[in-house]
Amino acid sequence: MAEELAAESDPALLGIGLVANIVQVTVQGRGGLEVRRGTKHFAPGAKVWVVPPHWDWSDRLYVVGRHRGRFNRYIAVVMRRDFLENLRVRGVYSPALARALADVVGRPFWNSAEDAQMMVDQW
């Protein structure tokens, strides 16, 4: 977290975000019969950005990441929380990523690194 606090004075920094990775294996479907690597939209281990919650921080949340398909563009998906691992605080430097995050709920970033770290601690 010290890295992000020091980076707040960086002019290229657009905001503070939460990053997670997609788990290697997901269990889905009726009775957990469908086992797949990653998810339909994201490859296993893919980095996704967690959007600040605008509903109850429970088992589903918005994430933004690069689609596993051939177009490799940013998409926003509501995803089960147990499909994510290794949640951490990071700075957002990419304007394209910032636009994709803003398109979801209008406020793309966490208010501060401390607020973001609080969510990581609650995870």
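Treat the numbers as computed from the prediction; the structure is a model and nothing was measured.
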Locate the shortest heavy-atom distance separating Gln24 from Gly45; write the atom from each residue and the value.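 Nearest pair, atom of Gln24 first, then Gly45: NE2-N, 3.8 Å.
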For Ala113 against Ile16, the heavy-atom pair lying closest together: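 Minimum heavy-atom separation between Ala113 and Ile16: CA-CG2, 3.9 Å.
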Are the side chains of [X] and [Y] in touch, meaning some heavy atoms are under 4.5 Å apart?
X	Y	answer
Val120	Leu18	yes
Phe42	Met79	yes
Asp103	Tyr74	no

Any link between Leu13 and Val50 through a network of hydrophobic side chains (Ile, Leu, Val, Met, Phe, Trp, Tyr) touching at under 4.5 Å?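 Yes, Leu13 connects to Val50 through the hydrophobic network.
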Val48-Tyr93 co-clustered via ILVMFWY side chain contacts under 4.5 Å: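 Yes; tracing contacts between hydrophobic side chains, which count when under 4.5 Å, links both residues.
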By side chain to side chain contact (heavy atoms under 4.5 Å, CB included) - contacts of Arg99 (at least two apart):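 Per chain and number, Arg99 pairs via side chain to side chain contact (heavy atoms under 4.5 Å, CB included) with Pro95, Ala96.
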Val19: what forms a side chain to side chain contact (heavy atoms under 4.5 Å, CB included) with it, not counting sequence neighbours?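 Partners of Val19 by the side chain to side chain contact (heavy atoms under 4.5 Å, CB included) criterion, ordered by chain and then number, come out as Lys47, Trp49, Arg88, Arg90.
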Main-chain N/O of Thr39 paired with Arg68 side-chain donor or acceptor, under 3.5 Å: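 Yes; judged by distance alone, with no hydrogens or angles, the pair exists.
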Qualifying residue, where the test is side chain to side chain contact (heavy atoms under 4.5 Å, CB included) with Val63 and the options are Leu101, Val104, Leu84: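 Output: one option passes, namely Leu84.
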Under the side-chain hydrogen bond (donor to acceptor under 3.5 Å, both in side chains) test, which residues partner Asn86, sequence neighbours left out?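 Residues passing side-chain hydrogen bond (donor to acceptor under 3.5 Å, both in side chains) with Asn86: Asn21.
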Can you measure from CZ (Phe83) to NE2 (His41) and round to the nearest 0.5 angstrom?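 So the CZ of Phe83 and the NE2 of His41 are separated by 11.0 Å.
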